[in-house]
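Proteins get letters first, then strands, A, B, ... in listed order; numbering begins at 1 in each. Because the structure is predicted, anything quoted here is derived from the model rather than measured.
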Amino acid sequence: MPDSLPVDSVGVVTPQTYHFETPIELACGQALERYDLVVETYGELNADRSNAVLICHALSGHHHAAGYHSMNDRKPGWWDTCIGPGKPVDTNRFFVVCLNNLGGCHGSTGPISTNPATGKPYGPDFPVVTVGDWVKSQALLADRLGIDCWAAVVGGSLGGMQALQWSLDYPDRLNHAVAIASSPRLTAQNIAFNEVARQAITSDREFHDGRYFDFDTLPRRGLMLARMVGHITYLSDASMGEKFGRELRDQAYKFGYDAEFQVESYLRYQGERFSEVFDANTYLLMTRALDYFDPAYEFGGDLSKALAKATCEFLVLSFSTDWRFTPARSEEMVNAMIAARRKVSYAEIDAPWGHDAFLIPTPRYTDIFTAYMDRVAREVGA
Amino acid sequence: MRADLEIIQQWVKPGHHVLDLGCGDGTLLDYLKRERNASGFGLEINPDHITTCMNRGVSVIEQNLDTQGLDNFEDNSFDIVLMTQALQAVRRPDKVLDEMLRLGDEGIVTFPNFAHWRLRWGLALSGRMPESDALPYKWYNTPNIRLCTFKDFEALCREKGIRIKSRRVVDGQHQNNWLARFWPNLLGEIAIYRITREKT
């Protein structure tokens, strides 16, 4: 964090916790009797409550999308590049809402929260939640905030899946759905990577069937490995090549198995850091929510039939080097929207950074995102 | 108003579902949406045009006709398929015409006439590739790689069993030009064709 805040930052923000006392029924058949959602908001809700934008987070994301929690923060929120005064999601015009999803580990009720039935953390007893469950909880949050209709629901990756789910589950409660670097369902390869990540966690001796808190320990190795595998899928071959190449930490090979290449030490560092701040059960849950997401499933695999319910307009964006959710996955979504005669705009943005490109402000990405959101704002008089 | 837009909108019925191949900055679709309550999509590859479309609320899909084709669109999924000033810029205009009439009942095509007298005159006199308002490029950087004349186009339609329902001719500024009606292949700069499949 610099000494002064950048002018295009939302500034210092404070998360708020909303308590919900009415049980929420989940897709798995279980219910949460009561739960908390931790939320950040930026900008002002206008008089007719029409300028609200919901930001949905991805696998390891949370409610802190923009700004700083204190002047001592090293880094701003995870999507600070796109949210703020004058940025694509312009906080001078929009009231922006971002929450930590149920099952998360950043304040909303999840595996690390206390289970009222036992007085201990839920751990592995926390129900497996789905994208549909998240959207349901987000709709209840919208009720609480007095927002009948979002100007837009916006998300990247798993966040884009939530935007798509919104368009199907609450068609009259959003004007626009923006799905960036997303997919209408995981491929076998996507699920395979998730399974490797889960196996890494569950086979860690410290995992203890998910009850690691009872043993006063954490499955750090497993979570680290899971993150390392995941991280590789977020980058492209070219961007890893650009960043690390075959660079060694020292001058020569040591003929051993320590981290000798820069890329090894980078991945280990990222993995270790992640394993200290993220909950293993939440990681399992988030990857499962990804696996299960398939809104076309109940329509015989025909997404265009699922989209018959949707009334909002869509913006779909993909990135040329994204091999986690390739442009072809976005196009699959777009083609279903075309077949269903929904209003949709689509662009494939040339960017070298793989899946992570949705977090990085390249000129064309910023131009398109800004132009589209400008129109969204104009429509609601913001 | 541009004469070509005026002519095209007469052929689009209220509520028509329209596909515009090479929709540019979305002027036409925006116009048809407002004047004819038409729905539909534009395809475009120019990044600035795509951004403009998105900002004005025209549904635009980034898709390259030459490399990606139109396989992602279903048969008879549109009332009208438009292609204004782009036929001469695709690799296989003949295949694009087939695709247009696979996707829609009707097609509207506009393109510059390479047999306009000024182009003929320019080539005859200077021996250099002609340039005009409708064709403002050099031979080496022009996107117009498949230039043809009105006669060429009509011959292709005959060959393909495509029926020309109407033809209107305008000048390089898209204005109506009464002279061009008499001798279109010499005096017309841009033609607007309304085509459909010959009933078999």
Side-chain angles (χ1 to χ4, degrees), chain A residues 88 90 151-152 175-178 180 184 302-305 307 310-320 327-351 362-380, chain B residues 15-27 29-30 32-34 37-82 99-100 102-105:
Chain A
D90 189 344
N175 298 339
H176 293 267
V178 178
I180 304 171
D302 188 343
L303 184 61
S304 70
K305 287 203 180 112
L307 282 159
T311 54
C312 71
E313 295 191 30
F314 295 91
L315 173 65
V316 179
L317 298 177
S318 69
F319 297 93
S320 55
R329 297 280 77 72
S330 285
E331 285 157 23
E332 198 177 310
M333 214 180 326
V334 170
N335 288 337
M337 290 164 184
I338 289 171
R341 296 196 173 194
R342 300 304 97 175
K343 290 179 179 162
V344 53
S345 285
Y346 169 67
E348 179 190 319
I349 290 150
D350 218 0
T362 39
R364 186 173 182 221
Y365 176 32
T366 306
D367 283 354
I368 284 184
F369 200 4
T370 304
Y372 194 88
M373 294 308 290
D374 171 57
R375 176 186 157 229
V376 172
R378 285 199 318 266
E379 279 176 358
V380 293
Chain B
H16 259 174
H17 196 52
V18 174
L19 179 65
D20 187 355
L21 307 177
C23 68
D25 64 6
T27 303
L29 280 175
D30 191 38
L32 294 175
K33 194 168 88 175
R34 283 185 285 108
N37 189 30
S39 58
F41 308 95
L43 303 193
E44 184 50 59
I45 51 172
N46 177 312
D48 293 334
H49 285 338
I50 290 170
T51 305
T52 306
C53 286
M54 288 180 181
N55 189 250
R56 77 195 316 175
V58 164
S59 293
V60 63
I61 312 289
E62 179 166 9
Q63 186 167 336
N64 187 323
L65 291 177
D66 283 337
T67 57
Q68 294 168 284
L70 288 164
D71 289 348
N72 55 325
F73 291 93
E74 289 167 21
D75 292 3
N76 303 312
S77 47
F78 294 90
D79 297 302
I80 293 194
V81 182
L82 305 167
E99 282 293 85
M100 286 176 77
R102 175 180 71 82
L103 304 180
D105 297 337

Is it the case that the side chain of A:Arg341 and the backbone of B:Ser77 share a donor-acceptor pair, with hydrogens and angles ignored and the cut-off at 3.5 Å?
yes
Between the main-chain N or O of B:Asn55 and the side-chain N or O of A:Arg378, is there a donor-acceptor pair closer than 3.5 Å?
yes
B:Arg56, B:Glu74, B:His17: which one forms the most heavy-atom pairs within less than 4.5 Å of chain A?
B:His17
Are the side chains of B:Gln68 and A:Glu331 in touch, meaning some heavy atoms are under 4.5 Å apart?
yes
Report yes or no: does B:Glu62 contribute a side-chain atom to a donor-acceptor pair with the main-chain N or O of A:Tyr346 at less than 3.5 Å?
no
Which heavy atom of A:Ser345 sits nearest a heavy atom of B:Ser59, and at what distance?
OG-CA, 3.4 Å
Take atom NZ of A:Lys305 as the centre, draw a 6.0 Å sphere, and report whether it contains more than 12 heavy atoms from other residues, nucleotides or ligands.
no
Let me confirm one number: the CD-CG distance from A:Glu332 to B:Asn72, rounded to the nearest 0.5 Å.
12.0 Å
Who wins among A:Ile368, A:Asp374, A:Asn335, A:Ile338 for the most heavy-atom pairs under 4.5 Å with chain B?
A:Ile338
I'd like to check A:Arg364 versus B:Ile50 (side-chain heavy atoms, cut-off strictly below 4.5 Å). Are they in contact?
yes
As an exercise: rank A:Val344, A:Leu315, A:Val334 by heavy-atom pairs under 4.5 Å with chain B and give me the winner.
A:Val344
Nearest 0.5 angstrom please: A:Met337 CE to B:Ile61 CD1, how far?
9.5 Å
